[in-house]
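Note on naming: letters A, B, ... go to the chains in the order of the sequence lines (proteins, then strands), and numbering restarts at 1 for each one. Computed from a predicted model, the values in this text were never measured in an experiment.
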Protein chains: 2
Amino acid sequence: MKILPEKTIERLSQYRRTLNNFYADHNSNRIFSHELAALLNITAVQVRRDIMFIGYSSSQRKGYNVQELIQVISQIIDTHEPINVAVVGYGNLGKAITTYFVGNRPKLNLVAAFDIDPKKIGQETHNIKCYSIDRLREILVAKDITIAILTVPTHAAKDMAKILVQTGIKGILNYTTVNLHIPPEIYLEEYDMITSLEKVAYFVKNKNQ
Amino acid sequence: MKILPEKTIERLSQYRRTLNNFYADHNSNRIFSHELAALLNITAVQVRRDIMFIGYSSSQRKGYNVQELIQVISQIIDTHEPINVAVVGYGNLGKAITTYFVGNRPKLNLVAAFDIDPKKIGQETHNIKCYSIDRLREILVAKDITIAILTVPTHAAKDMAKILVQTGIKGILNYTTVNLHIPPEIYLEEYDMITSLEKVAYFVKNKNQ
DNA sequence: GTAATATTGTTATAAAAATAACAATTCCTC
DNA sequence: GAGGAATTGTTATTTTTATAACAATATTAC
Ligand SMILES: NC(=O)c1ccc[n+]([C@@H]2O[C@H](COP(=O)([O-])OP(=O)(O)OC[C@H]3O[C@@H](n4cnc5c(N)ncnc54)[C@H](O)[C@@H]3O)[C@@H](O)[C@H]2O)c1
Ligand SMILES: NC(=O)c1ccc[n+]([C@@H]2O[C@H](COP(=O)([O-])OP(=O)(O)OC[C@H]3O[C@@H](n4cnc5c(N)ncnc54)[C@H](O)[C@@H]3O)[C@@H](O)[C@H]2O)c1
């Protein structure tokens, strides 16, 4: 299948989460585009267009089959084999993420954490161990880890990204407040909380214009 | 000034952060559009266009004055009076955020945290106290808090949003994996880590297409 | 002092994303 | 079973965002 737009991929992830909740709550196997849209604060057309993109269709006038839709979305955004993920930097944020992710997605396994601090190394949360950063390459290979979530301190981010690239990582989700420069074949997603908060502040301030 | 595009606001926040770092590192007061762009992995035109939007200009051929540019950006994205922010839900993520924010932005003050758990109430990090959620309205008013960062468990998110709306909050930054439904005059920004990670996984998988 | 070069500022164009419009279909009511 | 209503699927349009093109200007090299 042709590669899908970024925004569609983001929404597909949200659709799946919402559909799972919907199924659990309503025990209904049918959902209309406007129902799904309302749950996500978007328009029904948007939903239908995304669903068109992924090539799924319902019999008209009946709404979508919830289970089927979940499956079709999963076929697109999940991989066949589970993807293994590591947290690099087991501090406040790294630990929060580790706790949070455990068991969250069947095909996205958080399988290791790394830190440089001897006090952190050896710690364990829900069977996820924190390893010494010195063992990064060894463990990445051994556990077939392809994605890293970067939560080291700002000053260490650049070097750590370099090392991750050298070990052959395929994707990085960067939560440090440093913009990384890595080869284009490695997928990089960056998120900055302060930027989000400043955005909220700006639009709160300027909402009546 | 006319309201600026969302993406420009996001980039302005990033520009300011990058400019501050640049100034500290290089002790230079001049930066070219292509330098700033390279630091952020974007194009020089994008930078120049954003700077045009905010009405700042350098004398041609000399690059931008770093300090001035920081100031102009600050005038736009900062408020005159500092904005006060609260974290609602003092768990793993809420605590991480609290620790992280302290002193980070001069005009964005994280001034309180809230929780329902008696064990959390009364805890203090860097002078930020965790209050009982029962005192939400009282403290929001007393401390003039206008923005809330929501980090309660999923099941409590909906109700908490309702309460925040009732107390007259102006903006919410929602980190729970629940899409909120609040009146349009309240600015809402939502971010879901799982969606980001699933996006990375998808584009890692489909990078060669 | 002139030509070449580098850089900005701005307009023009393209690409991406969202919304609107509407035909086709199914279901419901009578 | 005719007519109306609701819903999907798709094309058309608009809006937003990013990129390209390029004139204007300052700087540098000679
Ligand atoms: N805490 C938050 O809510 C938050 C929010 C936004 C961004 N961030 C960013 O996330 C990053 C981490 O924040 P935090 O609050 O968790 O900080 P933290 O200091 O609690 O954690 C950082 C961890 O990284 C470890 N570390 C240091 N150097 C390392 C290296 N070379 N290799 C491996 N591990 C190393 C430290 O030992 C520590 O455990 C920072 O860059 C911060 O800017 C944090
Ligand atoms: N931890 C992460 O890295 C992470 C990442 C993405 C999203 N999230 C989301 O953030 C939220 C919090 O995650 P967490 O890992 O910090 O969970 P957590 O359980 O550690 O923290 C939640 C806190 O909220 C408090 N709380 C419960 N009900 C409350 C109420 N009615 N009012 C006020 N406080 C209340 C709890 O006492 C607890 O301290 C969840 O919705 C989760 O989905 C967390």
Side-chain angles (χ1 to χ4, degrees), chain A residues 1-15 19 22 28-66 68-69 72-73 179 184 189-190 195 199 202-203 206 209, chain B residues 1-15 19 22 28-66 68-69 72-73 179 184 189-190 195 199 202-203 206 209:
Chain A
M1 180 185 280
K2 215 181 138 308
I3 209 159
L4 295 166
E6 271 201 37
K7 297 288 177 185
T8 296
I9 294 299
E10 287 180 15
R11 281 190 300 266
L12 288 178
S13 164
Q14 302 265 309
Y15 294 160
L19 289 168
F22 182 86
S28 155
N29 217 12
R30 294 261 145 215
I31 193 167
F32 293 127
S33 60
H34 65 260
E35 290 178 311
L36 184 50
L39 289 168
L40 286 153
N41 289 322
I42 61 176
T43 65
V45 190
Q46 184 84 86
V47 170
R48 294 206 299 276
R49 220 158 174 290
D50 286 333
I51 291 175
M52 188 190 84
F53 270 138
I54 65 178
Y56 178 70
S57 70
S58 77
S59 85
Q60 240 160 0
R61 190 56 220 279
K62 273 194 172 164
Y64 301 96
N65 182 305
V66 177
E68 273 179 30
L69 192 45
V72 175
I73 293 174
N179 294 92
E189 174 86 9
E190 308 196 297
T195 292
K199 191 177 161 191
Y202 175 83
F203 285 105
N206 297 288
Q209 284 172 42
Chain B
M1 179 184 284
K2 215 180 139 312
I3 208 158
L4 294 166
E6 271 200 38
K7 297 289 177 184
T8 296
I9 293 300
E10 288 179 15
R11 282 190 299 265
L12 288 178
S13 163
Q14 302 265 310
Y15 294 160
L19 290 167
F22 182 86
S28 156
N29 217 11
R30 294 259 146 217
I31 192 167
F32 294 126
S33 60
H34 65 260
E35 290 178 312
L36 184 50
L39 289 169
L40 286 153
N41 288 323
I42 60 176
T43 66
V45 190
Q46 184 84 84
V47 170
R48 294 205 299 275
R49 217 156 176 288
D50 286 333
I51 290 175
M52 189 190 85
F53 270 137
I54 66 179
Y56 177 70
S57 69
S58 77
S59 84
Q60 240 160 0
R61 188 57 217 277
K62 272 195 175 165
Y64 301 97
N65 182 304
V66 176
E68 273 179 30
L69 191 46
V72 175
I73 293 174
N179 293 92
E189 174 87 8
E190 307 197 297
T195 291
K199 192 176 160 192
Y202 176 83
F203 284 105
N206 298 287
Q209 283 172 42

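For F53(A) and dA16(C), the CZ to P distance is 11 Å, given to the nearest whole Å. With rounding to whole Å, I54(A) atom CD1 is found 13 Å from dT10(D) atom P. What separates CZ of F32(B) from P of dA6(C) is a distance of 11 Å, to the nearest Å. Atom CD1 in I9(B) sits roughly 11 Å away from atom P in dT17(D) (whole-Å rounding). Here the P atom of nucleotide dT8(D) and the CG atom of L69(A) are 11 Å apart, to the nearest Å. In this structure, R30(A) atom CZ and dT26(C) atom C1' are separated by 12 Å, rounded to whole Å. Here the C1' atom of nucleotide dG9(D) and the CD1 atom of I51(A) are 11 Å apart, to the nearest Å. Note: CD (E6(B)) to C1' (dT17(D)) measures 11 Å, nearest angstrom.
Residue M52(B) places its side chain closer to dT10(C) than to any other of dT8(C), dT7(D), dT10(C).
Using a 4.0 Å cut-off, no side-chain N or O of S33(A) falls inside it from OP1 or OP2 of dT7(D).
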From CA spacing to verdict: side-chain contact (heavy atoms from CB on, under 4.5 Å), Y202(B), L4(A): CA-CA 10 Å; Y202(B) 176 83; L4(A) 295 166; 3.7 Å; yes

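The side chain to side chain contact (heavy atoms under 4.5 Å, CB included) with T43(A) is formed by just one residue from the set V45(A), V47(A), L40(A); it is V45(A).
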Base-contact (B) and sugar-phosphate-only (S) positions in nucleotides 19-28 of chain D, heavy-atom cut-off under 4.0 Å, - elsewhere: BB---BSBB-

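Put simply, the side chain of Y15(A) never gets that close to the backbone of D50(A): no donor and acceptor are under 3.5 Å apart.
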